[in-house]
Structures are given as C-alpha cells and as structure tokens.
Amino acid sequence: MSNPFIFVPDASPHNSPFIPGSPFLPNTTPSPFGNAIPLPPVHAGGPIPYDPVNGWQRATHRRTPSWNPPLSAGAPPANFLHPMGHRPRTQSFGGIGGQGLETPIVHNLSPAMQLNPWLTPTGGNGLWFDLTMSQFSPRYIVDARGSQMPLPDQELALPATHPPVAGLRLVFDVLPQYPLDVSAGGAPLTLRHVLEAVYGFMQRPIAQDDYDMLGFEQKKIVAKAYTRRCNALGPAAAKEKERGIKRVDFLVGKVLFRGLVNDGRGLKVLTA
C-alpha cells in the first residue's frame, strides 16, 4: 500500500495533493485563518425575535438581496475556479427529524418568504462562522471589540426560512458541479441543518477529477491556500498536510460564511 502523497509547493504541476479517504476527514486542528487574512468589518449583533406566525420582526429580512463581496487586492475573481465542461452532480445532506412537510427542495426564495436573519448577507447580526474550524462552532460578535459568543442552541433550532420548508438547494461558485440539497427528512429545515451542511461540504477532501480540471495557474492558487492553511498550524502543519487539500482550500482564504442569496440555480453560499 503506497503512502499518501505529501504536497510540495514547487513540485511538478502534474502532481496532485489529493488524498483519497473517507468522505469526512478527522478534524483535530483549530482554524489557521483567524489572523492570517484581512477580516471583514466587525458588526456586533445578536438574536432577532421570531414569531411562528409572522416570522422575524426585522422588516429588512423579508427577502434575500443580491450581493457580491469586493475583491481584496490581488485576489482572483469569484469564478476563477470554474472548470470547463463540468457536469453538475447533486449531493444531499439529510438532517435528523420527523415527518411533517412535503414541500420539494426549494431552489430560490420568493419575495414573500423570509430567510433566517443569520443566513442573510447583510452581516448585521454579527455571525462569525469560520469554515476551517476543527469543529462545527458558529459564533456571533457581541460588541465593537469583536468579542464572540457561541450561537445559542435555541437559535440553531429555529427554521431556516419563514414559512418553513423541507429543503433548500445550495450552490457554490468555486464548485458549481456540486449543488447541495439540504433536507431534514420531512421536518422543517432549521438553521443548524443549513450551517452544518455548508461546514460538512467544505471539510470534505477534494476529488481527484476536480483537481485535474483546474488549469495550471488555478492549481498554483489552490496549492498556495492549502500550504498557507497548513503552515499556519505550526507544529501540527506536517500532519495536516498529510490530509491533503480540502474543498475549503478552493475558497483561497475566503473562509468566513457570509450568507445566502438567490442565484437562479439555487441559494448561493457567500464567503469572505
């Protein structure tokens, strides 16, 4: 049995840092990006009251706006990783829940529907959800200094939308070939279901063919993000490199979840 491939930054572009293995790799390291990338502005926030009849009280969350984050200096455009001639391969994430809703997977929200405020891209709630963290741990900013608290379980248990739906389709600019259907087994889809699905999706190892479809320059950009993430771990870097490139490395440092917006194909996951 051959040893796993260990990526070397100046290796031949034909070498792949893909590491085959289980769909979910063990996570034993903290996020390396806390101090390594320019961070978005700090917005203190907190829970917004939810009414099962009328939804969330803040009127500004009645619909999902279109939003595109500004590019940082030297950053590649959002579509720089789009492979040519890809074939969409729908994945699914099934949450745990009882029966109750028969609504099909929703691809886009109508203007009459509300998105859970923690999933909107405005940033006003102060959500701080780093997709490189070793464990699922969404947090929110509580003051102007950037102090954080774990997102309460009661917030995670609230519906992802109002009225509630049984499932949502999520899409990712960096991996358009993998639309992700998130469902809760017939129960109303919750905030936890959505955030766990996004986190789990990004923690998976890349597929060999996904890496092979990248051009030479694209491979160099992803490899740099992978190397930077691993090296930020100090003594744990060598062990993390053995695990290979993850999908989160395709975000090239934009690893903070920033909400969902209608995109025609589904609800696009925004990161910054």
Side-chain angles (χ1 to χ4, degrees), residues 22-25 27 47-58 61-64 88-121 125 127-131 133 135-140 150-173 175-204 247-248 256-271:
S22 62
F24 289 90
L25 291 177
N27 298 306
I48 296 174
Y50 174 71
D51 181 344
V53 176
N54 299 311
W56 289 273
Q57 295 182 7
R58 187 186 295 178
H61 294 288
R62 294 296 298 177
R63 65 187 180 88
T64 55
R89 290 169 281 182
T90 303
Q91 300 188 334
S92 62
F93 177 92
I96 299 174
Q99 300 299 313
L101 295 178
E102 298 182 357
T103 309
I105 296 291
V106 173
H107 289 208
N108 286 277
L109 301 185
S110 71
M113 298 182 71
Q114 286 180 291
L115 190 62
N116 187 304
W118 295 109
L119 297 176
T120 61
N125 298 322
L127 180 66
W128 191 268
F129 185 30
D130 188 337
L131 299 174
M133 294 294 286
Q135 295 181 341
F136 175 77
S137 56
R139 306 174 70 83
Y140 71 100
L151 198 60
D153 286 341
Q154 57 266 36
E155 288 294 309
L156 291 168
L158 290 177
T161 65
H162 182 83
V165 297
L168 293 173
R169 171 162 291 185
L170 307 182
V171 294
F172 304 81
D173 272 346
L175 289 163
Q177 65 270 40
Y178 292 117
L180 177 64
D181 289 343
V182 187
S183 65
L189 198 69
T190 68
L191 175 63
R192 179 183 290 276
H193 291 135
V194 174
L195 294 183
E196 284 186 342
V198 172
Y199 175 78
F201 179 91
M202 286 297 171
Q203 285 292 312
R204 295 184 67 172
R247 288 174 174 174
V248 73
L256 296 177
F257 174 82
R258 277 291 175 260
L260 308 174
V261 293
N262 283 339
D263 188 57
R265 304 165 295 155
L267 289 170
K268 181 165 68 173
V269 176
L270 304 176
T271 61

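Numbers here are sequence positions counted from 1.
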In Å and rounded to the nearest 0.5 Å, what is the CG to CZ distance from Leu170 to Phe201?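 Separation between the atoms: 9.0 Å.
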To the nearest 0.5 Å, tell me how far Asn116 CG sits from Leu127 CG.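 It comes to 9.5 Å.
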Considering non-hydrogen atoms only, spot the tightest contact between [X] and [Y] and give its length.
X      : Y      : answer
Asn108 : Gly266 : OD1-O, 3.4 Å
Phe257 : Val198 : CD1-CG1, 4.2 Å
Met202 : Phe172 : CE-CD2, 3.5 Å
Pro121 : Leu270 : CB-CD1, 3.6 Å
Val53  : His162 : O-NE2, 3.1 Å
Leu189 : Ala166 : CD1-O, 4.2 Å

May I have the step-by-step check of side-chain contact (heavy atoms from CB on, under 4.5 Å) for Leu195 and Leu119, ending in yes or no? CA-CA 9 Å; Leu195 294 183; Leu119 297 176; 3.9 Å; yes
With a 4.5 Å heavy-atom cut-off, do [X] and [Y] have their side chains touching?
X      : Y      : value
Arg258 : Thr271 : no
Val165 : Met113 : yes
Leu180 : Val171 : no
Tyr199 : Pro138 : no
Val194 : Leu260 : yes
Thr190 : Leu156 : no
Leu168 : Leu109 : yes
Trp118 : Leu158 : no

Under the 6.0 Å and 45° cation-pi test, does Arg247 pair with Tyr178? yes
side-chain contact (heavy atoms from CB on, under 4.5 Å) against Pro152, all qualifying residues, sequence neighbours excluded: Tyr140, Gln154, Glu155
Test: Arg139 and Asp130 ion pair at under 4.0 Å: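 A salt bridge is absent here (no side-chain N lies under 4.0 Å from a carboxylate O).
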Derivation and outcome, side-chain contact (heavy atoms from CB on, under 4.5 Å), residues Val182 and Glu196: CA-CA 10 Å; Val182 187; Glu196 284 186 342; over 6 Å; no
Do His107 side-chain atoms and Asp263 backbone N/O form a donor-acceptor pair below 3.5 Å? no
Please determine whether side-chain contact (heavy atoms from CB on, under 4.5 Å) holds for the pair Gln203 and Phe136, giving the CA-CA distance in whole Å, both sets of side-chain angles, and the decisive distance to 0.1 Å. CA-CA 10 Å; Gln203 285 292 312; Phe136 175 77; over 6 Å; no
